[in-house]
Amino acid sequence: MNLDNIKSLNLLNLKKVKDEDFEVPKFIFFTKKNFFLDPNSVISKINSNFNNSIIIRSSTYDEDGTRVNAGKYLSLIIKNITNENLMIGIKKVISHFKKDKDIFIIQKLITNVQQSGVIFSKELKLNREYYVINYDKSHHTDLVTSGKYNPTVKALYVARNSSKIPREFNKIIKVTKNLETKFKCKHLDIEYCIKKNKLYLLQIRRLPKMKKEVGYPKKSTIVNIQKKIKAILNSNYSNIGKKTFLSNMADWNPVEILGERPSKLAITMYKELITNEIWAKQRKNYGYKDVRPNSLLFDVYGIPYIDIRTDLNSFLPKKLNSKISQKLINYNLDKLYKNPDKHDKIEFDLLPSFIADYDGDLKKILTKKEFLQYKINTNSIFENLILKEICNLEINKIKILIKKIDYVKNSNYKPITKIFYLNYYIKQFGTLPFAGLARCAFVAKYVCDLLVDKNIISQKSIKSFYSSFKNITTNIHNDYVYYKLGKITKEKFIAEYGHLRPSTYDISFLSYEEGFKNYFKSNKISLIKKKKYKFTNLQIKKINKFFKNYDLKIKSEDFINFCIKSTEMREKAKFEFTKGINLIFIELKKLFKEMKMNKKDIQHIDYNTVLLAYSSLETTRLRETFKNEINKHISENTEAKKIILPDFIKNEKEINFFYRSSRDGEFFGNRNIIGTLMLYDSSKKQNFTNKIILIENADPGYDFIFTSNILGLVTKNGGPNSHMAIRCSELNITSIIGIGEEAFNNIAGQNKLMINPNDNLYRFL
């Protein structure tokens with residue numbers, strides 16, 4: 001028995017399968033041509049077959065015959081079956097059908113269901129060996145596939161060869177395995193619902209155009225990953241907290257900056273330049289707890305994860321006593337265990353950068369006396385950041401970095417020597433002050449949001465204030481306009497911005513200098529003009545009163561300047577230290593050329609091996625070391641791609657199965673938009689003008705897209721303080737930042753999207 005490309009015909013085949021574990025609700029179907037030739041006959045047949053609620057579903061050739069395209073066509077529920085309702089409903093459903101032979105299905109509606117969903121017998125992105133179940137429990141049967149935003153939808157990933165399956169999904173997976181055998185197909189898409197513990201199958205089809213089989217991971221791979229995760233989660237070191245978790249989106253958000261599976265060079269360089277020690281040194285310098293030598297970032301078989309306990313500890317004021325610290329950390333670890341969706345909003349929802357009132361979680365955790373101590377310690381850090389003019393101190397370090405980079409660039413040192421010195425200077429005068437300015441900018445934004453929450457300043461005023469800031473994106477945009485107008489040369493533009501690249505730590509991406517024609521194509525752009533925002537006298541008075549009420553010596557003028565300086569200089573610092581990273585890449589390419597090795601393989605080396613070579617290895621031996629590393633890491637990467645791990649790991653057992661919840665994403669901009677979607681593909685030449693761009697993760701190197709008059713932006717990863725969130729806020733671009741894996745993949749299969757940022761809504765068209 002084979003599956004057809006059209007689900008109406010597949011339902012007939014499914015009906016023939018003898019299996020007591022499921023039932024196919026009664027259905028009939030017609031072509032568009034059938035209906036228009038004799039609508040009354042169609043209506044009559046429907047009336048004779050159904051007397052209760054029905055659902056009208058599409059079954060078109062462009063929907064089912066080419067790719068999974070859930071939500072492209074309307075499904076319509078009719079509870080009151082009358083001739084008029086049927087006529088109106090059918091016309092609505094088939095109104096966008098392209099062919100006369102396209103089919104619509106009339107099916108009995110199963111109401112008040114316990115659960116509804118879709119099960120895929122293979123993971124869709126890379127065709128990996130997982131059952132993926134998108135489901136919800138909202139008592140409807142069409143929400144998962146409707147294409148509407150639905151925060152109740154969850155996803156379950158189950159390794160196909162796992163014997164451990166959540167009990168409530170045992171039956172649907174058992175039935176799916178049986179159908180795989182019956183239809184001789186391991187690439188199924190089945191829509192189902194459950195009512196009174198009875199399983200109903202509503203649709204079935206073959207997943208189209210599947211990629212090459214990646215196969216199952218080795219048993220030893222699974223065992224090693226489980227051991228690695230268990231070792232990390234059970235390690236205590238010197239941190240406070242009875243347990244820990246792993247997150248790929250917490251502090252220093254690795255999945256946004258590096259991607260889900262970065263190269264060996266990218267992840268080891270990121271650790272060396274930031275997450276090994278620099279980030280912790282910066283926090284300690286500002287008055288937070290010194291969490292060294294604990295690691296912040298762990299490499300779990302090629303996937304970067306943040307240690308949540310270490311991260312939480314780093315936000316504790318260093319003078320805070322142990323008892324209060326333990327209460328705060330353990331409460332928030334428990335909160336994350338129950339609400340893992342908050343793992344990308346730790347600084348917003350768990351450990352605040354400014355303590356206001358004795359309410360909410362703090363009232364549950366601390367006594368009034370403990371609260372006052374926590375408040376004094378936390379707010380004094382904020383006060384010192386402004387009164388001690390920390391931003392100016394960090395800016396001075398960036399000025400030193402510029403000189404150091406220029407010196408190394410123009411020196412006659414060998415590639416290994418240049419890399420060694422650049423690495424040191426980037427850390428001391430680049431990523432360290434950048435981490436400080438980023439912390440200042442975050443604290444500033446947190447307090448601004450607090451001013452909004454307390455109705456001291458309006459959200460509109462804060463948006464206008466932040467959009468007035470000068471930023472690198474605006475500079476790139478305007479200088480590109482000047483270049484197109486002939487006011488500056490291409491050479492000058494490249495000299496200023498040529499070091500940038502999409503994905504800063506990924507050498508496989510071309511820099512702006514190397515790929516200028518790929519990145520800059522738009523002709524129809526105009527200058528961005530910034531207006532300086534001025535707070536009213538009343539707003540100034542309210543801000544002064546706010547700080548006075550919390551016994552702080554901060555004046556509104558100082559705070560406003562702090563917001564501007566920290567935000568603008570954070571972007572400047574990032575811009576400057578990435579020049580050093582680009583120079584390291586240039587020297588690595590020179591080194592590989594000297595050794596007559598393929599530069600495409602650089603991404604597979606460990607950055608630490610390069611640094612060690614400065615003092616310990618000869619060039620000939622280094623070549624062999626690199627070759628061995630490259631072969632090893634390519635092999636590991638091939639094996640690692642077979643594994644899917646959750647964004648948030650609670651225990652080592654989640655390698656067998658895990659859940660993902662829908663994420664709302666952060667909405668920016670104030671203009672409703674409707675536009676054509678375009679998935680960013682670095683391997684293609686694309687015209688972004690007037691399109692809604694989809695990007696999985698984006699760092700400063702993606703700023704080139706803003707020179708193309710994009711209509712909107714949607715990213716899979718990122719949070720409210722991420723790079724793209726800042727850019728879209730400053731440029732007032734309608735966007736959804738950090739929408740999550742499931743929603744992003746769903747959107748990527750669509751053609752048009754409507755985004756209403758004011759009401760936090762999106763819809764497929």
Regarding [X] and [Y], do their side chains bring together a donor and an acceptor under 3.5 Å, going by distance alone?
{"X": "N239", "Y": "T310", "answer": "yes"}
{"X": "Y286", "Y": "N384", "answer": "no"}
{"X": "D506", "Y": "S263", "answer": "no"}
{"X": "T244", "Y": "D307", "answer": "yes"}
{"X": "N379", "Y": "Y550", "answer": "no"}
{"X": "E568", "Y": "N471", "answer": "no"}
{"X": "E260", "Y": "N248", "answer": "no"}
{"X": "N392", "Y": "K565", "answer": "yes"}
{"X": "N313", "Y": "K289", "answer": "yes"}

Donor-acceptor pair, distance only, cut-off 3.5 Å: does the side chain of [X] make one with the backbone of [Y]?
{"X": "Y425", "Y": "I400", "answer": "no"}
{"X": "S503", "Y": "Y505", "answer": "no"}
{"X": "N561", "Y": "E557", "answer": "yes"}
{"X": "D406", "Y": "I402", "answer": "no"}
{"X": "H477", "Y": "F706", "answer": "yes"}
{"X": "N756", "Y": "N672", "answer": "no"}
{"X": "Q539", "Y": "I457", "answer": "no"}
{"X": "D357", "Y": "D359", "answer": "no"}
{"X": "E514", "Y": "S511", "answer": "yes"}
{"X": "H499", "Y": "F575", "answer": "yes"}

By the definition side chain to side chain donor-acceptor pair (under 3.5 Å), identify the one residue from S468, S464, S467, S461 that meets it with Y533.
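Exactly one option meets the side chain to side chain donor-acceptor pair (under 3.5 Å) with Y533, and it is S461.
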With side chain to side chain donor-acceptor pair (under 3.5 Å) as the criterion, how do N423 and Y607 come out once you've worked through the C-alpha distance, each side chain's angles and the decisive distance to 0.1 Å?
CA-CA 10 Å; N423 181 75; Y607 183 57; 2.9 Å; yes
When you look at [atom1] of [X], are more than 12 heavy atoms from neighbouring residues, nucleotides or ligands closer to it than 6.0 Å?
{"X": "N537", "atom1": "CG", "result": "no"}
{"X": "K484", "atom1": "NZ", "result": "yes"}
{"X": "K397", "atom1": "NZ", "result": "yes"}
{"X": "K454", "atom1": "NZ", "result": "yes"}
{"X": "K335", "atom1": "NZ", "result": "yes"}
{"X": "K319", "atom1": "NZ", "result": "no"}

Given side chain to side chain donor-acceptor pair (under 3.5 Å), test T473 with D703 step by step and report yes or no.
CA-CA 6 Å; T473 306; D703 281 352; 3.1 Å; yes
I'd like to know whether N475 forms a side chain to side chain donor-acceptor pair (under 3.5 Å) with K470, so could you lay out the CA-CA distance, the side-chain angles of the two residues, the decisive distance to 0.1 Å, and finally the verdict.
CA-CA 8 Å; N475 294 343; K470 297 175 183 177; over 6 Å; no
Using the six-membered ring wherever Trp is involved, compare the ring planes of [X] and [Y] and label them parallel, tilted or perpendicular (cut-offs 30° and 60°).
{"X": "F559", "Y": "F562", "value": "tilted"}
{"X": "Y512", "Y": "Y519", "value": "tilted"}
{"X": "Y358", "Y": "F371", "value": "tilted"}

Kindly determine whether E576 and K404 satisfy salt bridge (Lys or Arg N to Asp or Glu O under 4.0 Å), including the steps that lead there.
CA-CA 11 Å; E576 295 298 339; K404 295 290 186 182; over 6 Å; no
Using ring centroids (six-membered ring only for Trp), state whether [Y] and [X] fall under 6.0 Å.
{"X": "Y446", "Y": "F354", "answer": "no"}
{"X": "F535", "Y": "F465", "answer": "yes"}
{"X": "F520", "Y": "Y483", "answer": "no"}
{"X": "Y480", "Y": "Y482", "answer": "no"}

About how many Å separate [atom2] of [Y] and [atom1] of [X], when rounded to the nearest 0.5 Å?
{"X": "L273", "Y": "K427", "atom1": "CG", "atom2": "NZ", "value": "7.5 Å"}
{"X": "Y331", "Y": "L362", "atom1": "OH", "atom2": "CG", "value": "9.0 Å"}
{"X": "Q428", "Y": "K281", "atom1": "CD", "atom2": "NZ", "value": "4.5 Å"}
{"X": "L320", "Y": "I324", "atom1": "CG", "atom2": "CD1", "value": "5.0 Å"}
{"X": "W252", "Y": "I274", "atom1": "CH2", "atom2": "CD1", "value": "4.5 Å"}
{"X": "F434", "Y": "R570", "atom1": "CZ", "atom2": "CZ", "value": "7.5 Å"}

Go through the steps to decide whether R671 and T734 satisfy the test side chain to side chain donor-acceptor pair (under 3.5 Å), and finish with yes or no.
CA-CA 6 Å; R671 185 166 63 98; T734 298; 5.0 Å; no
side-chain contact (heavy atoms from CB on, under 4.5 Å) between L510 and R501: does it pass, once the steps are laid out?
CA-CA 6 Å; L510 298 176; R501 59 170 35 81; over 6 Å; no
L713 and its side chain to side chain contact (heavy atoms under 4.5 Å, CB included) partner, picked from I692, I695, I736, I755
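Among the candidates, only I695 passes.
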Where do R292 and E277 land on the salt bridge (Lys or Arg N to Asp or Glu O under 4.0 Å) test, with the steps shown first?
CA-CA 7 Å; R292 295 175 295 180; E277 184 182 19; 3.2 Å; yes
Can F420 and Y424 be said to form a ring-ring contact (aromatic ring centres under 6.0 Å, His included), step by step?
CA-CA 7 Å; F420 181 82; Y424 176 80; 7.8 Å; no
Heavy-atom closest contact (G287 atom, I381 atom, distance)
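Looking at all heavy atoms of both residues, the shortest contact is O-CD1, 3.5 Å.
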Closest approach of I476 and F493, non-hydrogen atoms and distance?
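Looks like O-CE1, 3.7 Å.
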Evaluation steps, side-chain contact (heavy atoms from CB on, under 4.5 Å), between R283 and D251:
CA-CA 12 Å; R283 298 259 164 100; D251 198 6; 2.7 Å; yes
Show your working on side-chain contact (heavy atoms from CB on, under 4.5 Å) between I376 and Q373 and close with a plain yes or no.
CA-CA 5 Å; I376 290 169; Q373 187 181 343; 5.9 Å; no
I would like to know whether T567 and K445 meet side-chain contact (heavy atoms from CB on, under 4.5 Å); could you show each step before the answer?
CA-CA 9 Å; T567 305; K445 183 64 168 61; over 6 Å; no
